[in-house]
There are 2 protein chains.
Amino acid sequence: MTLKEGKERFIQSWGALGSSWGINRTMAQIHALLLIAPESLSAEEIMEELQISRGNANMNIRALIDWGLVYKELKPGERKEFFVAEKDMWEVVKNIIIQRKKRELEPMLRVLDEISSVDPESEEAREFIEVIREIKLFSNKADSTLDTLVKSDSNWFVGTFMKMIK
Amino acid sequence: MTLKEGKERFIQSWGALGSSWGINRTMAQIHALLLIAPESLSAEEIMEELQISRGNANMNIRALIDWGLVYKELKPGERKEFFVAEKDMWEVVKNIIIQRKKRELEPMLRVLDEISSVDPESEEAREFIEVIREIKLFSNKADSTLDTLVKSDSNWFVGTFMKMIK
DNA sequence: GCAAAGTTTCAATAAATACTGAACCGACAA
DNA sequence: TTGTCGGTTCAGTATTTATTGAAACTTTGC
């Protein structure tokens, strides 16, 4: 397989993976492109490589920066911005966990709290409250487990975890 | 908050959560509806409750069964099928992990293997191979961690994990 | 102040995804 | 054999989501 084919395959697959996880294809592809880029790239280069418009590139690059997966790099003397991806996969996953926790898990926990307040006037209502309580319990546990996970370091994940739970 | 409002809020939020994770809104809503239903429901009842068509209901119920999140229940004497959700959240999460691992992580691992075979003829190619190698290493670790996770029981998650890693 | 180089925004549009509804299938009972 | 009750499928359509491209904005140098 040639380098060119390999790169294309990777970008395409990473894009597909993203889109089945609710991340738009282009955003994932830009991420892939930057992951394997030997140097930081400018918006122009990204547009060129992926055949996308300026607006699209800009918005998705911003989103990647928001997620902490890509950094802006200002080269001295150059007026335009360059972008590099975080290459440490543990950092990548940690940032994704942090963001999704904040954007999805936490709002869900708030909803679960709110709806716990239905009047327990009927048997059905009491059963509803109970189901919600269990989901809440589980979600809280997940929430704090993820917190701990995010605080721990890469080594822990790569090395210790497997032994510990065996 | 009334029971009706609470249920609606839950179904709506669960649907939204699903759609940000690449699961279609209706599928997540049916799941939510079944999670809080005091009894198993027929396709008709689901259609009625969520205001969706027969075809839509049918396809998404099948998908939920595929994922192991919903069971078919045949009531004696009744001709039609009824559906119940798996209520144990740990089982729910486990099944989702199993499915997504199979559908997304494993194919990705295969792609990473394939593209490891690019000719290391240039310096750039060697760098590419190295980046891919690291991603592969990390993904394999994630893969086996998830395997272990799935094999362990609910108690482990709810009870022991937190203490262990502190 | 003005032009050049670059970035951001967003309304219009394209593309992807989900949904509908009608036709079809199979099991059963009369 | 025919009719009924449900389940399944899928082409056409609707809805949602992503993308484009042009205008507006910002920064910098002259």
Side-chain angles (χ1 to χ4, degrees), chain A residues 11-34 40-67 70-84 100 103-104, chain B residues 11-34 40-67 70-84 100 103-104:
Chain A
I11 291 169
Q12 137 65 33
S13 305
W14 202 254
L17 186 66
S19 67
S20 56
W21 283 82
I23 284 148
N24 94 44
R25 189 179 248 70
T26 304
M27 180 169 156
Q29 287 183 341
I30 296 176
H31 186 223
L33 177 61
L34 289 172
S40 61
L41 302 178
S42 66
E44 306 284 337
E45 290 166 314
I46 294 170
M47 287 162 57
E48 166 66 19
E49 198 79 36
L50 302 177
Q51 294 294 311
I52 59 176
S53 71
R54 178 171 297 283
N56 194 7
N58 185 274
M59 301 224 282
N60 284 300
I61 292 169
R62 295 308 125 192
L64 284 164
I65 292 174
D66 258 19
W67 282 68
V70 163
Y71 309 116
K72 188 185 289 192
E73 198 180 75
L74 294 165
K75 295 196 184 173
E78 287 271 19
R79 185 128 159 231
K80 63 178 158 228
E81 301 171 335
F82 290 80
F83 306 96
V84 224
R100 300 206 84 147
R103 293 167 198 220
E104 291 136 25
Chain B
I11 291 169
Q12 136 67 32
S13 306
W14 202 254
L17 186 66
S19 65
S20 56
W21 282 82
I23 284 148
N24 93 46
R25 189 180 247 69
T26 304
M27 179 168 158
Q29 285 183 340
I30 295 176
H31 186 224
L33 176 61
L34 288 172
S40 61
L41 302 178
S42 67
E44 240 89 32
E45 290 166 314
I46 293 170
M47 286 161 58
E48 165 67 18
E49 198 79 37
L50 302 178
Q51 294 294 310
I52 58 176
S53 72
R54 175 172 297 281
N56 194 9
N58 185 276
M59 300 224 283
N60 284 299
I61 292 169
R62 295 307 125 194
L64 284 164
I65 292 175
D66 259 21
W67 282 69
V70 163
Y71 309 116
K72 189 184 290 193
E73 196 179 75
L74 294 166
K75 294 195 183 174
E78 286 271 20
R79 191 137 150 223
K80 63 177 158 230
E81 302 171 334
F82 290 80
F83 306 95
V84 224
R100 300 207 84 149
R103 293 167 199 220
E104 290 136 25

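Each chain gets a letter, A, B and so on, in the order its sequence line appears, and its residues count up from 1. On a predicted model such as this, the values are computed, not experimentally measured, just so you know.
- Nucleotide D/dA18 holds its C1' atom 12 Å from the CD1 atom of A/Ile30, rounded to whole Å.
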Atom pairs and distances, donor-acceptor, side-chain atoms in residues 70-79 of chain A, under 3.5 Å, two or more places apart:
from: A/Tyr71; atom 1: OH; to: A/Glu86; atom 2: OE1; distance (Å): 2.4
from: A/Lys72; atom 1: NZ; to: A/Glu81; atom 2: OE2; distance (Å): 3.1
from: A/Glu73; atom 1: OE1; to: A/Ser40; atom 2: OG; distance (Å): 2.8

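- One finds the OG1 atom of B/Thr26 at 12.0 Å from the CG atom of B/Leu33 (value rounded to the nearest 0.5 Å).
- For residues 70-83 of chain B, proximity to DNA chain D is found at B/Arg79, B/Lys80, B/Glu81, defined as any non-hydrogen atom under 4.0 angstrom from a strand atom.
- As a whole-Å value, the separation of A/Ile46 CD1 from C/dT7 P is 10 Å.
- Between B/Leu50 atom CG and C/dT20 atom P the separation is 10 Å, expressed in whole Å.
- By the 4.5 Å heavy-atom criterion applied to side chains, B/His31 and B/Trp67 are not counted as neighbours.
- Under the side-chain hydrogen bond (donor to acceptor under 3.5 Å, both in side chains) criterion, B/Ser13 pairs with no residue, sequence neighbours left out.
- Heavy-atom contacts from other residues, nucleotides or ligands closer than 6.0 Å to CD of B/Glu49 number 12 or fewer.
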Just do the side chain to side chain contact (heavy atoms under 4.5 Å, CB included) check on A/Met27 and A/Ile30 with the steps written out, would you? CA-CA 5 Å; A/Met27 180 169 156; A/Ile30 296 176; 5.9 Å; no
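- Regarding A/Arg62, its CZ atom lies at a distance of 13 Å from the C1' atom of D/dT26, rounded to whole Å.
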Distances under 3.5 Å only, N/O to N/O: pair up the protein atoms with those of nucleotides 19-21 of chain D.
from: D/dT19; atom 1: OP1; to: A/Thr26; atom 2: OG1; distance (Å): 2.3
from: D/dT19; atom 1: OP2; to: A/Thr26; atom 2: OG1; distance (Å): 3.3
from: D/dT19; atom 1: OP2; to: A/Asn56; atom 2: OD1; distance (Å): 3.3
from: D/dT20; atom 1: OP2; to: A/Ser53; atom 2: N; distance (Å): 2.7
from: D/dT20; atom 1: OP2; to: A/Ser53; atom 2: OG; distance (Å): 2.9
from: D/dT20; atom 1: OP2; to: A/Asn56; atom 2: ND2; distance (Å): 3.0

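- Taking the salt bridge (charged side-chain N to carboxylate O under 4.0 Å, His left out) definition, one finds that A/Glu45 meets it with nothing, sequence neighbours left out.
- Evaluation of the salt bridge (charged side-chain N to carboxylate O under 4.0 Å, His left out) rule for A/Arg25 yields no partner, not counting sequence neighbours.
- Distances shorter than 4.0 Å separate some side-chain N or O of A/Asn58 from OP1 or OP2 on C/dT8.
- The CD atom of B/Glu44 sits 6 Å away from the P atom of D/dG6 (whole-angstrom rounding).
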